[in-house]
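Count residues from 1 along the sequence. Computation of the quantities below employed the complete heavy-atom set of this structure, encompassing side-chain atoms and omitting hydrogens, waters and symmetry-equivalent molecules. Everything numeric here is computed off the predicted structure, so don't read it as measured data.
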Amino acid sequence: PSSRPGKSPDEADHMVRAYLLSQGHVFLKTERCQGENALCHNGSTMSGGPVDQGLLEYFRLHDPYRRHKESMLDLQAGRVIPWRGQEVFFHAPGTGYYFPLVYLPQATALALGKTLGLTVENSYYLARAFAMTSGVLVLTLAFYIFWPQPAVLALLLVPMSLFQTASASIDFLCNALAVLVIACFLRVATLRKEAPNSLFWMMALAVFLLGTARAHLASMVLLMAVAAWPTRRIQPWGGPATATVAILAWMALAIPATIDFRIPREMGTGQVVAYYLGAPLQLVRVLAHTVTDGNMLNSYVACLPGRLFDQPLTHRAYAWLAGLVALVILPCLASPRRLLQAALARSALVLTGVAGTLLAFLAMLFTWTPHPATLVQGVQGRYLLVPAMLLLLAVCSWEPAVQPWRQRLRWALLYVLGGVSMGGQRASIAVCILRAAGRGAAQCCPGRARCSGAESAPWARQHDHVAVASGNV
């Protein structure tokens, strides 16, 4: 059940954007419309593009907001849905801010599946395989550049990370790119003046993809600047400068071009930014109220290690996860002497982690939260995974364990952590299925909106609109 389509947050919207890229649509567009409703405002639709009806039909069948239960008949019907060859306009505004290159693996798989005459479901699973393979290849490169850090591996093995690894979304590739940037930074911090320029340009490409797919991770440009400083060379500074200009240029193109009115607001993004620039104390109040709100904190804590379909794990699973992560990380803590030896690099990790966390909240405040705001809405615990990696690496030793028994112990703990994460997912699946059988998925997972991303579109309303427009109800 954990591998069924549509269970990963915002997966359907990511697949729509990947399909559009596979058909050569780099930018999203709008269409003229009539009337005022959830999908039409001031004579224009939200940003989207022409999507094959077969793909929409497939994800409509697996839409968790619409389908309270999944029967065997539904699953059988989904397996044989073909590519229809007819396209209708569909909205995916939450993905319009992302540079499309990050969808290349999924887009390649969908184009290949459609060309070979595969069913939509087989094309979807091919996209998942391509997405996972691309992430694994990036991680392999990262671990070749600098040996795997236990803190990084531990966070990659928590339930939400493993769950997203097996999905068709962009999360796993983005996490892998972040690990690649971290590996390059640690390598440069070790080599200092001897660091080759190729590492900086590799970091620049990875940071650009991250900054245009996960805006809060644009803060990793700071790592590039700090890495270039000790080299005493001009060439390494080209990487952070190029990445910064490219990220800003893409944002300048994508933000005004993306039309998104899923959250009713009288003020646009630029107007909200201008408001808080003129009222910095109000900005501080909103952020402080958010991070001190008990319900919000519980949501972040639960979503960071993992929820399956927004169904929390058992308390025992959370306790095991916390204990195992602590057992992995505590022996890796650096001594005061080592902390001082790399004070600049470690300070950069802390600053980048804090900046990434702050940017995650600001991005959701400016683009997603209704104005005026008292709490920042839309921030998910999984957005804080990479900032957590950076903060942990700032206080951990970067050298591998010398004693063989320490190495074996670390790997054993990581294996156990992965096993507990998988077991916790299965337990959560069982609870969700049992509740769904009696009350429906909407009641089974009442907190889904808290762990679903801002990419999510109102699928049920859109599908009704598409069905009527195409004559298929």
Side-chain angles (χ1 to χ4, degrees), residues 9-10 13-22 24-29 47-49 92-108 131 134-135 138 142 164 168-182 184-185 200-225 238-260 269-270 273 352 355-364 366-368 378-380 382-387 390 453-455:
D10 319 312
D13 296 276
H14 289 301
M15 290 300 292
V16 166
R17 183 66 191 277
Y19 174 82
L20 293 174
L21 179 61
S22 73
H25 300 285
V26 177
F27 292 93
L28 301 185
K29 62 181 183 179
S47 298
T95 64
Y97 306 105
Y98 304 155
F99 190 73
L101 186 60
V102 77
Y103 289 101
L104 186 60
Q106 296 93 325
T108 303
S134 62
V138 173
Q164 291 299 89
S169 72
I170 60 175
D171 279 41
F172 180 45
L173 179 56
C174 287
N175 289 340
L177 288 169
V179 175
L180 177 60
V181 174
I182 291 171
C184 290
F185 175 77
F200 292 94
W201 289 108
M202 188 182 302
M203 289 178 72
L205 176 59
V207 169
F208 168 71
L209 291 175
L210 282 172
T212 53
R214 291 287 181 254
H216 64 292
L217 297 184
S219 62
M220 298 187 87
V221 170
L222 296 172
L223 294 182
M224 299 180 63
T242 302
T244 302
V245 172
I247 291 172
L248 293 177
W250 171 256
M251 289 182 175
L253 287 173
I255 293 177
T258 302
I259 306 301
D260 184 3
T269 299
V273 173
T352 305
T357 302
L358 179 61
L359 285 176
F361 283 89
L362 291 178
M364 290 296 99
F366 296 155
T367 64
W368 184 253
V379 178
Q380 306 174 50
R382 61 192 176 99
Y383 291 169
L384 308 180
L385 182 74
V386 174
L390 296 169
E455 299 94 339

Do you know which two heavy atoms are closest between [X] and [Y], and how far apart they sit?
{"X": "Gly239", "Y": "Ala204", "result": "O-CB, 3.6 Å"}
{"X": "Ser47", "Y": "Ala257", "result": "OG-O, 3.6 Å"}
{"X": "Ala18", "Y": "Gln106", "result": "CB-CB, 3.6 Å"}
{"X": "Gly378", "Y": "Met364", "result": "O-SD, 3.5 Å"}
{"X": "Ala168", "Y": "Met15", "result": "CB-SD, 3.5 Å"}
{"X": "Ala360", "Y": "Val379", "result": "O-CG2, 3.8 Å"}

Output the distance between atom [atom1] ([X]) and atom [atom2] ([Y]), rounded to the nearest 0.5 Å.
{"X": "Leu20", "Y": "Thr95", "atom1": "CG", "atom2": "OG1", "answer": "7.5 Å"}
{"X": "Ser134", "Y": "Ile170", "atom1": "OG", "atom2": "CD1", "answer": "11.0 Å"}
{"X": "Leu205", "Y": "Leu101", "atom1": "CG", "atom2": "CG", "answer": "7.5 Å"}
{"X": "Phe366", "Y": "Phe361", "atom1": "CZ", "atom2": "CZ", "answer": "13.0 Å"}
{"X": "Leu21", "Y": "Thr108", "atom1": "CG", "atom2": "OG1", "answer": "7.5 Å"}

Are the side chains of [Y] and [X] in contact, using a 4.5 Å heavy-atom criterion?
{"X": "Phe208", "Y": "Thr242", "result": "no"}
{"X": "Asn175", "Y": "Val179", "result": "no"}
{"X": "Leu210", "Y": "Val181", "result": "yes"}
{"X": "Leu385", "Y": "Asp171", "result": "no"}
{"X": "Asp10", "Y": "Ser169", "result": "no"}
{"X": "His216", "Y": "Val386", "result": "no"}
{"X": "Met220", "Y": "Ile182", "result": "yes"}

* Short question: side chain of Arg17, backbone of Tyr98 - any donor-acceptor pair under 3.5 Å? -> yes
* **Ile247 backbone acceptor or donor facing Thr212 side chain under 3.5 Å** => no
* Mutual orientation of the aromatic rings belonging to Tyr103 and His14 [parallel < 30°, tilted 30-60°, perpendicular > 60°] -> tilted
* Asked: Would Trp250 and Phe27 count as a close aromatic pair, with their ring centres under 6.0 Å?
  -> yes
* Structure fact -> Exactly one of Leu28, Asp260, Asp13, Ile259 clears side-chain contact (heavy atoms from CB on, under 4.5 Å) with Pro93, and that residue is Asp260
* Please assess Tyr383 against Gln380 for the test side-chain hydrogen bond (donor to acceptor under 3.5 Å, both in side chains), listing each intermediate value before the final yes or no. => CA-CA 5 Å; Tyr383 291 169; Gln380 306 174 50; 2.8 Å; yes
* Considering residues at least two apart in sequence or located in another chain, which fulfil the side chain to side chain donor-acceptor pair (under 3.5 Å) criterion with Tyr19? -> Glu87, Lys114
* Test log, rule side-chain contact (heavy atoms from CB on, under 4.5 Å), inputs Leu223 and Leu390 -> CA-CA 10 Å; Leu223 294 182; Leu390 296 169; 4.1 Å; yes
